[in-house]
Amino acid sequence: MLRQRIDVKNYPLEELEIWMTKLGEPRYRARQLFQAIYAQGKTDFFSISTFPKTLRQRLSEMAVISNLTPKETITSQDGTVKFLFSLSDGKCIESVLIPHDGYFTLCISTQVGCAQGCRFCLTGKMGFKRHLTTAEIVNQVVYAKRHLPRSWPLRNIVLMGMGEPLHNYENTLKAIKILLHPLGLGFSHRRVTISTVGLVPQMLKMAQAVNVSWAISLHAPDDETRNLIVPANRRYPLKEILNALKMMPLPPRKRFTIEYVLLKDINSRLEHAQKLAQVLRGIPVKINLIPLNPHPGSNFLPPASEEILVFQQTLQKAGYTVTIRQSKGADIGAACGQLDGRPEGGENG
Ligand code: SAH
Ligand code: SF4
């Protein structure tokens, strides 16, 4: 019977080192392999020139170097690119490549669908299908890095695509280790951001395990409002999330990003802004306001632009740095909360 071949992209360097040692090979072979697959983008063992022929043969019999290629690439009028990847079981995920002035940000998925069910989010509507493997998370970055539409660097990775990264804790952690390792994908820890709905125990654990940037999807200044839109708030209420932020290590000059989707008549009034200013007091944060990206079948609407400005100014007057996210790629269903694994319609496998 054929044994399942292992996918070497599922493992951070330290695990590949253990694996190589178990195979009776010197430990440094793992480093050579890691470099070959990430720095050089190799996808077959035979082309790894630092390996002896016997090792290339042996590894190719027992392992694979996986890859993702999009089944569709859609470019928005504003230059945002959506990659639609079909996985080995036919399920689909998306990554979104966002151009800035001279560099790119890539927004990647960590699950097919999402179990958290936030009321305003299209991915939440899909429900949870499955976790992505480490390789599937990492391969979104590997692909984008090699297929940038222009010669700007890929500078930022945000885990803000489909899924809740901390619900897929183990695979997300391994993927981040590969993203950050200098012999791996080599991203700066300042430029890899986990966005979470606020799964408190996993936030605390992850913050101890790796040094990354954090974005917290708060969306409300009190439990009453948050319970209406974020079901996870019943498990981890606001106070617990804010306490977690106070305990999480933060390098000097670094701040947490507070994400706040603005929903007309729900969380966008003056008193919400005032209360938000109050509850965040003493925590090093910057606030990112995200006017809702509407999608068909949703009852929510974004507030009028005057209301958004009043919200922003109220927080600014209270001393906070507040940006308004200009959602890009809305015309191709690539903006926040518009990801459901479909090009612009149709069923996800
Ligand atoms: N699950 C994680 C990361 C993916 S969602 C999280 O919730 O943080 C990434 C961001 O998009 C979150 O802040 C989320 O609240 C926001 N979002 C979801 N649906 C949206 C919508 N329809 N319009 C604008 N932002 C949305
Ligand atoms: Fe999941 Fe994030 Fe969407 Fe909530 S906002 S349903 S946590 S993807």
Side-chain angles (χ1 to χ4, degrees), residues 80 93-96 98 105-132 137 140 156-169 171-172 175-176 192-200 202-203 206 212-220 225-236 241 244-245 256-264 266-268 285-303 308 323-330 333-341 348:
T80 301
I93 51 156
E94 295 166 349
S95 320
V96 180
I98 305 147
T105 293
L106 183 71
C107 173
I108 60 173
S109 299
T110 53
Q111 299 180 315
V112 185
C114 184
Q116 311 303 321
C118 302
R119 302 275 180 253
F120 48 83
C121 172
L122 195 57
T123 311
K125 278 235 164 89
M126 269 177 78
F128 175 67
K129 308 288 178 191
R130 73 166 170 87
H131 292 307
L132 295 189
I137 300 173
Q140 297 170 61
N156 300 311
I157 303 294
V158 294
L159 282 69
M160 292 185 190
M162 289 167 77
E164 167 51 45
L166 297 185
H167 180 210
N168 187 8
Y169 184 88
N171 294 343
T172 297
I176 287 176
V192 174
T193 303
I194 299 181
S195 174
T196 178
V197 72
L199 307 185
V200 168
Q202 291 93 325
M203 279 164 67
M206 184 70 86
V212 284
S213 297
W214 286 93
I216 312 298
S217 291
L218 218 62
H219 311 323
T225 313
R226 200 164 188 263
N227 282 340
L228 292 175
I229 48 180
V230 178
N233 195 62
R234 296 187 187 272
R235 271 180 300 151
Y236 304 113
I241 297 176
L245 293 182
F256 299 108
T257 299
I258 298 296
E259 294 169 284
Y260 197 106
V261 173
L262 287 166
L263 305 164
K264 182 174 184 291
I266 307 279
N267 66 355
S268 59
V285 295
K286 52 187 180 208
I287 301 167
N288 191 210
L289 301 176
I290 317 169
L292 175 82
N293 292 308
H295 45 81
S298 157
N299 297 325
F300 298 106
L301 290 171
I308 298 173
T323 49
I324 299 177
R325 190 181 297 176
Q326 302 298 341
S327 280
K328 295 195 172 180
C336 298
Q338 292 189 326
L339 303 184
D340 66 351
N348 189 317

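Whatever order the structure lists them in is the order used to number ligands and atoms, beginning at 1.
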T196: numbered ligand 1 atoms lying under 4.0 Å from its heavy atoms: 6 (C), 8 (O)

Check E164 against ligand 1 and report side chain, backbone, both or neither, counting heavy atoms closer than 4.0 Å. both

Any side-chain heavy atom of L166 sitting closer than 4.5 Å to one from M203? yes

Identify, by atom number and element, the atoms of ligand 1 in contact range of L292, meaning under 4.0 Å from any of its heavy atoms. 21 (C), 22 (N), 23 (N)

If we only count N/O pairs under 3.5 Å, is N293 in contact with ligand 1? yes

R226 side chain vs L218 backbone, donor-acceptor pair below 3.5 Å: yes

Proximal atoms of ligand 1 relative to G161 (non-hydrogen, under 4.0 Å): 4 (C)

Could you tell me whether a side-chain N or O of S109 sits under 3.5 Å from a main-chain N or O of E94, the two making a donor and an acceptor? yes

So which atom in Y260 and which in A220 form the shortest heavy-atom distance, rounded to 0.1 Å? CE1-N, 3.4 Å

Check ligand 1 against I290 and write out every atom of the ligand that is under 4.0 Å from a heavy-atom position of the residue. 24 (C), 25 (N)

For G163, take its heavy atoms, then give the atoms of ligand 1 lying under 4.0 Å from any of them. 1 (N), 2 (C), 3 (C), 4 (C)

The criterion is salt bridge (charged side-chain N to carboxylate O under 4.0 Å, His left out); which residues satisfy it with R130, sequence neighbours excluded? D89, E136

L263 backbone acceptor or donor facing S268 side chain under 3.5 Å: yes

Using a strict cut-off of 4.0 Å, indicate which atoms of ligand 1 neighbour a heavy atom of C121. 18 (C), 19 (N)

Side-chain heavy-atom pair Q116, R235 within 4.5 angstrom cut-off: yes

Considering the options L262, I229, I258, V197, which one meets the side chain to side chain contact (heavy atoms under 4.5 Å, CB included) requirement together with H219? I229

In short, E259 meets S217 closest at the heavy-atom pair OE1-OG, 3.2 Å

At a 4.0 Å threshold, what atoms of ligand 1 neighbour a non-hydrogen atom of F120? 15 (O), 17 (N), 18 (C), 19 (N), 20 (C), 21 (C), 22 (N)

Those residues at least two apart in sequence (or on a different chain) that pass side chain to side chain contact (heavy atoms under 4.5 Å, CB included) with T172 are T110, I137, L159, P165, N168, I176, M206

For atom NZ of K125, is the number of surrounding heavy atoms from other residues, nucleotides or ligands below 6.0 Å larger than 12? yes

Identify which protein N/O/S atoms are less than 2.8 Å from atom 1 (Fe) of ligand 2. C114 SG

Answer yes or no for atom 4 (Fe) of ligand 2: protein heavy atom present at a distance under 4.0 Å? yes

Which residues share a side chain to side chain contact (heavy atoms under 4.5 Å, CB included) with N288, sequence neighbours left out: T257, I290, T323, R325

Heavy-atom gap H219 to ligand 1 smaller than 4.0 Å: yes

Would you mind running through ligand 1 and noting each atom that sits below 4.0 Å from a heavy atom of L159? 3 (C)

